[in-house]
Chemist: 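Okay, handing you the structure first.
Reminder, nothing fancy here: chain letters follow the sequence lines and each chain counts from 1.
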There are 2 protein chains.
Amino acid sequence: MGNSRVTLKDLAKELNLSPSTISRAISGHPAISDATRKLVQQKADELGFTPNSIASSFRKKKTQSIGIIVPKIDIHFHSLVISGIEEYAYSKGYNVTIFQSKDSFEREKEITRILQNRMVEGIIICLSNETKSYAHFKKFTKLGVPVIFYDRVPTNFNANKIVINDYESAFKATEHLIQQGCSRIAHIAGNQSTHIFKDRLEGYKTALKKHKLPIDPSLILETKNLTYEEGAECAKKMLALPESPDGLFCSNDYTAISAIQVFQKAHIKVPEQIAVVGFSNYPISRVIEPNLTTINDRAFQMGQAAASLLIRQIDDTDSFVEFETITLKTDLVVRASSMRKASDTKL
Amino acid sequence: MGNSRVTLKDLAKELNLSPSTISRAISGHPAISDATRKLVQQKADELGFTPNSIASSFRKKKTQSIGIIVPKIDIHFHSLVISGIEEYAYSKGYNVTIFQSKDSFEREKEITRILQNRMVEGIIICLSNETKSYAHFKKFTKLGVPVIFYDRVPTNFNANKIVINDYESAFKATEHLIQQGCSRIAHIAGNQSTHIFKDRLEGYKTALKKHKLPIDPSLILETKNLTYEEGAECAKKMLALPESPDGLFCSNDYTAISAIQVFQKAHIKVPEQIAVVGFSNYPISRVIEPNLTTINDRAFQMGQAAASLLIRQIDDTDSFVEFETITLKTDLVVRASSMRKASDTKL
DNA sequence: CTGAAAGCGCTTACAG
DNA sequence: CTGAAAGCGCTTACAG
């Protein structure tokens with residue numbers, strides 16, 4: 001099979017023009033006459049010429065590609081973020097190469113090496129949960145390759161970050177429960193070695209304090225990974241307490257949903273006896289009965305924001321800004337699982 | 001910032017060796033002495049040399065990268081497939097660049113142009129639902145770039161395909177309902193212009209025929225996109241029939257779940273009064289009450305199989321095989337939503 | 001075991 | 001408006 005591509009030179013020979021002219025005509029250089037441009041275009045179509053962008057990348061030292069590292073692609077949050085990144089990047093002519101760290105620090109390091117060799121122009125990453133040291137990102141700063149962190153971002157390390165306000169969101173969620181008349185509010189917390197879950201716990205506590213409610217340690221249940229199974233365990237522990245809670249704020253939707261199911265099996269009514277709020281607005285939250293009140297964490301927008309910031313930094317090579325942190329708005333999506341006061345839809 | 005990379009030449013100059021030798025030492029060529037190899041390795045680490053794989057790709061005409069086109073990344077099925085692809089590709093040293101067609105034929109064509117220019121060595125794609133013509137893939141055959149289709153694959157077009165046996169899976173699901181004692185089994189079908197949904201309808205019909213059950217057109221409800229909302233509509237239509245069905249096989253899990261919820265609101269017991277089976281084994285199927293019986297379509301394995309076939313074809317440049325179709329096994333995952341005979345767990 | 005040389009397919013500063 | 005020339009950073013067939 002004649003699988004040798006047509007090159008600029010081939011076109012040049014055919015048209016008795018120089019490769020320089022062909023190159024300029026194809027890339028729309030202003031100094032080329034309309035007549036020539038048309039001629040070249042026509043011949044290119046005829047011969048099926050299509051520019052070799054590897055050669056062009058190599059020559060220009062611009063690959064027009066960005067790298068993404070996520071722990072796992074099939075976690076809905078990450079796939080939404082990637083979707084946002086791809087959408088924005090595509091509109092700007094950038095390609096997106098993805099890698100899964102599988103929550104392995106070693107693999108994450110190895111991937112950064114690959115990305116460096118591949119000469120990506122920028123990187124967007126959600127850190128693996130094993131990552132405690134950030135030395136493997138230093139090389140990119142030196143090479144002028146911007147790196148944007150999202151969701152699980154480094155602490156004590158100056159960097160570009162896209163985050164949501166976890167503290168504020170948790171505060172809103174908890175205050176909503178208080179306004180619905182709850183006074184014994186429990187919390188299913190994520191791993192406290194992770195920054196964002198710590199913030200959510202803090203927001204919960206602050207809301208209680210503001211409304212002069214006691215902080216009862218027996219109502220705060222920390223999990224390792226906020227799994228469906230852990231949620232059920234926590235819910236059972238709550239029911240075993242001398243006095244059950246009348247409200248529950250969970251650090252994600254999975255634990256909220258499994259808790260609701262445990263309550264329902266124990267013939268405890270949601271929201272009448274326990275009002276429940278989750279976190280993340282997973283698709284399942286509008287499917288479960290009762291529909292789950294939750295925090296919309298805007299994963300798609302997070303991806304767009306990350307890509308937009310990244311490409312801005314790629315283009316502004318000599319700006320004075322070193323790092324930027326962007327905090328996105330979140331929304332409390334009020335649904336049936338927390339609605340004890342029918343009249344009080346809008347608080 | 002001194003953001004100029006260290007090159008082979010720099011290393012060569014430092015060590016008074018030729019670039020050829022450095023290149024060979026770095027890439028592990030056997031003809032290089034151990035002493036030299038160590039020397040080069042050491043200096044490379046010292047100067048922070050890391051090979052420019054764009055230059056290497058350009059020179060070798062091997063990019064070690066493959067392109068994926070999916071309608072949307074944040075559809076769980078696709079993110080699972082991508083995860084399988086990435087995992088396999090990574091283990092073989094290939095990179096994965098992703099694009100979303102957004103179910104637009106025009107965008108899909110544009111993406112194939114980009115992939116051609118980027119010189120990917122192979123492509124894995126789930127067609128957009130607008131795609132009826134496959135001419136935009138012919139160029140890859142000519143260039144010797146293998147293309148693997150999965151899920152939504154071309155019909156009347158010779159190609160590499162990874163599929164599941166939709167007909168057989170639907171047959172299994174329907175027969176399971178029959179064996180659970182259902183005799184009036186309804187079907188919520190997907191768009192009949194799509195091959196896979198047609199096959200599922202056929203499998204359903206064949207199971208009924210085999211067991212001498214009548215095929216009742218009023219029990220077959222076609223939807224456009226198998227959405228949650230369409231599922232609810234269909235369920236309501238079923239309840240409005242003179243005689244309700246006692247079994248329901250749905251072409252995906254969303255419609256199955258929304259149908260269950262409609263039934264439950266109408267105080268119809270699942271599975272006692274209507275047994276329900278879905279398709280795809282979405283995570284939500286083991287969360288909904290009762291847990292949903294469904295077909296495990298092995299999305300992750302589909303991704304791995306696609307990547308494995310692709311890379312095999314990239315490597316075997318002069319094999320006599322032109323196209324390959326791989327059909328993956330599916331599983332009926334029996335859960336509570338269809339279990340009318342407690343004793344009859346294994347059929 | 002090591003080196004000199006050519007070249008992959010573009011782009012661009014320089015010249016006219 | 002067009003062309004000649006150099007070069008991006010590698011790899012590899014050829015030679016010794």
Side-chain angles (χ1 to χ4, degrees), chain A residues 3-41 43-44 47-65 93 114 116-121 143-144, chain B residues 3-41 43-44 47-65 93 114 116-121 143-144:
Chain A
N3 58 4
S4 59
R5 301 168 60 116
V6 180
T7 69
L8 273 188
K9 257 192 194 161
D10 299 333
L11 263 187
K13 218 168 272 170
E14 282 280 329
L15 291 168
N16 275 322
L17 285 167
S18 74
S20 324
T21 302
I22 307 292
S23 172
R24 293 193 186 102
I26 294 286
S27 64
H29 190 108
I32 299 293
S33 76
D34 269 9
T36 308
R37 191 193 320 285
K38 257 173 214 152
L39 207 69
V40 172
Q41 200 53 260
K43 204 70 179 175
L47 301 186
F49 168 78
T50 135
N52 178 335
S53 39
I54 298 298
S56 164
S57 288
F58 170 54
R59 172 59 228 254
K60 294 200 282 186
K61 301 190 178 191
K62 284 238 152 220
T63 55
Q64 293 280 111
S65 75
I114 297 173
Q116 183 187 6
N117 294 350
R118 294 256 163 183
M119 307 230 297
V120 295
E121 297 191 48
L143 291 164
Chain B
N3 58 3
S4 59
R5 301 168 59 117
V6 180
T7 70
L8 274 187
K9 257 194 198 160
D10 298 333
L11 263 186
K13 217 169 275 172
E14 283 279 328
L15 291 167
N16 274 320
L17 285 166
S18 74
S20 323
T21 303
I22 306 292
S23 172
R24 295 194 184 100
I26 293 286
S27 64
H29 189 107
I32 298 294
S33 75
D34 268 9
T36 308
R37 193 194 318 286
K38 258 173 214 153
L39 207 70
V40 172
Q41 199 54 258
K43 204 68 176 177
L47 300 187
F49 168 78
T50 135
N52 178 334
S53 39
I54 298 299
S56 164
S57 289
F58 169 55
R59 174 57 228 255
K60 295 201 283 185
K61 301 190 178 190
K62 283 239 153 220
T63 55
Q64 294 278 114
S65 74
I114 296 173
Q116 183 186 6
N117 294 349
R118 294 256 162 183
M119 305 231 296
V120 293
E121 297 190 48
L143 291 164

Chemist: Given a 3.5 Å cut-off on both pairing distances, which stems involving DNA chain C, each at least three consecutive Watson-Crick or G-U pairs, are present, if any?
Modeler: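 If one scans DNA chain C for consecutive Watson-Crick or G-U pairs, the stems found are C:1-3 with D:14-16, C:5-12 with D:5-12, C:14-16 with D:1-3.
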Chemist: Once you round to the nearest 0.5 Å, how far does CE of M119(B) lie from OG of S57(A)?
Modeler: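 If I round to the nearest 0.5 Å, the distance is 10.0 Å.
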Chemist: Answer yes if the side chains of T36(A) and S33(A) hold a donor-acceptor pair under 3.5 Å, and no otherwise.
Modeler: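 The criterion, which ignores hydrogens and geometry beyond distance, is satisfied for S33(A) and T36(A).
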Chemist: Provide the distance between the two C1' atoms, one in dG16(D) and one in dT12(D), to the nearest whole Å.
Modeler: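 It comes out at 16 Å once rounded to the nearest Å.
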Chemist: Please indicate whether K62(A) has more than 12 foreign heavy atoms, meaning atoms of other residues, nucleotides or ligands, lying under 6.0 Å from its NZ.
Modeler: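 Atom NZ in K62(A) is packed in, count exceeds 12.
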Chemist: For K62(A) and dT12(C), give me the distance from atom NZ to atom P, rounded to whole Å.
Modeler: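 Roughly 11 Å, once rounded to whole Å.
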Chemist: Give the minimum heavy-atom separation between L8(B) and I22(B), together with the two atoms involved.
Modeler: CD2-CG2, 3.2 Å
Chemist: To the nearest 0.5 Å, what is the distance between CD (Q116(A)) and CG (N52(B))?
Modeler: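 Taking CD in Q116(A) and CG in N52(B), the distance rounds to 10.0 Å.
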Chemist: Compare every heavy atom of R5(A) with every heavy atom of D10(A), then report the nearest pair and how far apart it is.
Modeler: OD2-O, 3.9 Å
Chemist: Give each protein N/O atom lying under 3.5 Å from an N/O atom of nucleotides 13-16 of chain D, with the pair distance.
Modeler:
unit_1: dA13(D); atom_1: N6; unit_2: R24(B); atom_2: NH2; d: 2.6

Chemist: Please report, rounded to the nearest Å, how far the P atom of dC1(D) is from the CG atom of L39(A).
Modeler: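 Distance check: L39(A) CG to dC1(D) P gives 15 Å.
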Chemist: Within the structure shown, what part of the strands sits under 4.0 Å from L17(A) by heavy-atom distance: base, sugar-phosphate, or nothing?
Modeler: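 Since only primed, P, OP1 and OP2 atoms lie under 4.0 Å of L17(A), the category is sugar-phosphate.
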Chemist: For E121(A) and T63(A), work out which heavy atoms get closest and say how close.
Modeler: OE2-N, 2.9 Å
Chemist: Can you tell me how far P of dT12(D) sits from NE2 of H29(B), to the nearest Å?
Modeler: 9 Å
Chemist: Between R37(B) and G28(B), which heavy-atom pair has the shortest distance, and what is it?
Modeler: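 Where R37(B) meets G28(B) most closely, the heavy atoms are NH1-CA, 3.8 Å.
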Chemist: Which sits closer to the 5' end of DNA chain C, P30(B) or S23(A), going by the nucleotide each is nearest to?
Modeler: P30(B)
Chemist: Verify the distance criterion only: is there a donor paired with an acceptor across the side chains of S20(B) and S23(B) at less than 3.5 Å?
Modeler: no
Chemist: By nearest nucleotide on DNA chain D, pick out whichever of P19(A) and D34(A) is the more 5' one.
Modeler: D34(A)
Chemist: Report yes if at least one side-chain N or O of S33(A) is closer than 4.0 Å to OP1 or OP2 of dT2(D); otherwise report no.
Modeler: yes
Chemist: To the nearest Å, give me how far apart CG (L11(B)) and C1' (dC10(D)) are.
Modeler: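 For the pair L11(B) CG and dC10(D) C1', the rounded distance is 13 Å.
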Chemist: Assess, by modelled atom type and distance only, whether the side chains of S53(B) and S56(B) contain a donor and an acceptor separated by less than 3.5 Å.
Modeler: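 No, S56(B) and S53(B) have no side-chain donor paired with an acceptor closer than 3.5 Å.
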Chemist: Enumerate all atom pairs, one protein N or O and one N or O from nucleotides 7-9 of chain D, separated by less than 3.5 Å.
Modeler:
unit_1: dG7(D); atom_1: N2; unit_2: R59(A); atom_2: NH1; d: 3.0
unit_1: dG9(D); atom_1: OP1; unit_2: K61(A); atom_2: NZ; d: 2.8

Chemist: Within the structure, does a side-chain N or O atom of T36(B) lie under 4.0 Å from either OP1 or OP2 of dC1(C)?
Modeler: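 For dC1(C), OP1/OP2 do not have a side-chain N/O of T36(B) under 4.0 Å.
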Chemist: If you define the side chain from C-beta out and look only at heavy atoms, does anything of Q64(A) sit under 4.5 Å from R118(B)?
Modeler: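 In short, these two side chains touch, coming nearer than 4.5 Å.
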Chemist: To the nearest Å, how far apart are L15(B) CG and dT2(C) C1'?
Modeler: 14 Å
